[in-house]
Protein chains: 2
Amino acid sequence: MEAERHPTVPDAIGAMDRMIATMIVGQQEFARRFGLSVTDLVCFAYVLEAGNTPVTAGDLATRAHVTTGAITGVLNRLEGRGFVARKPDPADRRRVLVVAQPTAVEQAMTLYGPFYERLAELFGGYTPDELAVLTDWFTRAGDVARTFLEESR
Amino acid sequence: MEAERHPTVPDAIGAMDRMIATMIVGQQEFARRFGLSVTDLVCFAYVLEAGNTPVTAGDLATRAHVTTGAITGVLNRLEGRGFVARKPDPADRRRVLVVAQPTAVEQAMTLYGPFYERLAELFGGYTPDELAVLTDWFTRAGDVARTFLEESR
DNA sequence: CGGTAATGTCTTAGTAGCTAAGGAATCTAG
DNA sequence: CTAGATTCCTTAGCTACTAAGACATTACCG
């Protein structure tokens with residue numbers, strides 16, 4: 001009678017899988033609508049996430065699992081849209097530092113805002129403890145995936 | 001002192017975002033390693049998920065947000081690898097039904113198995129109630145994303 | 001120091017998978 | 001029975017990727 005209340009681990013993985021698949025399609029749709037690639041969005045998110053920590057072109061290649069040649073194109077597109085800027089690294093003139101433009105967050109919100117509102121609504125229905133469980137899982141699952149990726153080189 | 005135990009909604013969204021970005025890169029890596037595209041994997045997952053419910057080529061196009069022309073390529077690749085089979089729909093001969101091959105799940109496990117093991121390990125550290133919260137969120141977030149996608153047509 | 005190796009980004013040529021547009025077969029409605 | 005929808009496939013063209021290597025710069029090491 002209460003079977004649904006205690007999902008098994010495979011149940012959880014299945015539900016997660018379907019969610020991830022939908023999110024991937026969603027990202028592709030966001031990217032398409034902005035005339036960017038999914039890789040562009042992944043890189044942009046990483047630059048925003050890094051905040052003041054300097055990010056190099058090579059860091060983006062590592063993170064996004066693409067070649068540095070691909071990153072050249074990514075940066076050209078993101079720079080062309082005014083999302084990021086290339087900055088020479090004074091300490092190592094081979095390097096290209098990538099910094100977010102001041103209006104970047106605002107522009108990202110124009111794109112993602114409506115979707116984030118729906119998510120915020122969803123998250124709002126959870127108790128602080130439940131929210132902590134979710135946030136913790138996001139972090140751990142991200143770490144698991146990242147570790148798995150790094151190992152498979 | 002306990003600030004970390006009560007993340008805000010923006011905290012949760014941020015953590016989710018980073019997780020999603022990593023999962024996307026991971027899927028791209030899985031796809032690359034199998035000589036398939038991310039769209040192929042999304043479609044394959046949908047066919048597996050549908051189980052015995054018949055899935056048409058057009059369904060996949062709708063679900064993956066690509067054109068039917070792209071699905072032709074997807075099916076050629078998936079069929080070539082023995083993951084799925086095209087089957088004529090006796091009730092409507094324009095349609096192409098897509099069914100998973102008997103060995104499909106097994107093959108999928110060869111690909112995803114090691115990663116799923118890590119996830120299972122992660123999920124194993126949660127209580128049944130926490131697992132229910134997570135599974136519930138996956139379902140709801142997937143629905144939110146799917147609804148959002150459908151509206152933006 | 002001075003020469004060689006390693007590093008970081010960009011360039012180029014080639015490839016894969018997508019879209020847009022349209023074709024062919026089939027179904028549906030009047 | 002016919003006109004219009006629909007379903008999938010085909011084609012041409014485009015975009016973003018890889019692999020390989022050029023170029024500039026830095027690190028290493030005798």
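Values below: every heavy atom of this structure, side chains too, minus hydrogens, waters and symmetry copies. The chains referred to below are lettered A, B, ... by the order of the sequence lines, with proteins before strands, and numbering in each begins at 1. Nothing here was measured: the structure is a model prediction, and the numbers come from that model.
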(request) Could you say whether A:Asp40 or A:Ala91 is positioned toward the 5' end of DNA chain D, judged by the nucleotide with the nearest heavy atom to each? (result) A:Asp40
(request) State, without any angle test, whether B:Asp40 and B:Ser37 hold a side-chain donor-acceptor pair at a distance under 3.5 Å. (result) yes
(message) Under 4.0 Å from a heavy atom of chain B: give me the 5'-most and 3'-most nucleotides of DNA chain C that qualify.
(response) C:dG17 to C:dC27
(request) Please tell me if the side chains of A:Leu41 and A:Tyr112 come closer than 4.5 Å, counting only heavy atoms from C-beta onward. (result) yes
(message) Looking at every non-hydrogen atom in both residues, tell me the closest pair between A:Ala145 and B:Thr22 and how far apart they are.
(response) CB-CG2, 3.7 Å
(request) Find the distance A:Leu36:CG to D:dC17:C1' and express it as a whole number of Å. (result) 15 Å
(request) Take the protein atom CZ of A:Arg93 and the nucleotide atom P of D:dA24, then report the distance between them rounded to whole Å. (result) 12 Å
(request) Check the distance between D:dC9's P and B:Asp89's CG and give it to me in whole angstrom. (result) 13 Å
(request) Report which part of the nucleic acid B:Ser37 touches: base, sugar-phosphate, or nothing (heavy-atom distance under 4.0 Å, all strands). (result) sugar-phosphate
(request) Mind running a 4.0 Å heavy-atom check of residues 68-86 of chain A against DNA chain C and sending the residues that fall below it, in number order? (result) A:Thr68, A:Gly69, A:Thr72, A:Arg86
(request) Please name the pair of heavy atoms, one in B:Trp137 and one in A:Leu134, separated by the smallest distance, quoted to 0.1 Å. (result) CB-CD2, 3.6 Å
(request) Test for a donor-acceptor pair under 3.5 Å between the base of D:dT6 and the side chain of B:Arg94, counting only N and O atoms. (result) yes
(message) Quick one about A:Thr139 and A:Asp136 (side-chain donor to acceptor, distance below 3.5 Å, no hydrogens or angles considered), yes or no?
(response) no
(message) Closer than 3.5 angstrom, by distance alone: can the side chain of B:Asp59 be matched with the main-chain N or O of B:Thr56 as a donor-acceptor pair?
(response) yes
(message) Determine whether the aromatic ring centres of residues B:Phe44 and B:Phe34 are separated by less than 6.0 angstrom.
(response) no
(request) Using heavy atoms to find the nearest nucleotide of DNA chain D for A:Val66 and B:Asp59 separately, return the residue whose nucleotide is more 5′. (result) B:Asp59
(message) Please check: side-chain N/O of B:Thr103 versus main-chain N/O of B:Glu106, any donor-acceptor pairing under 3.5 Å?
(response) no
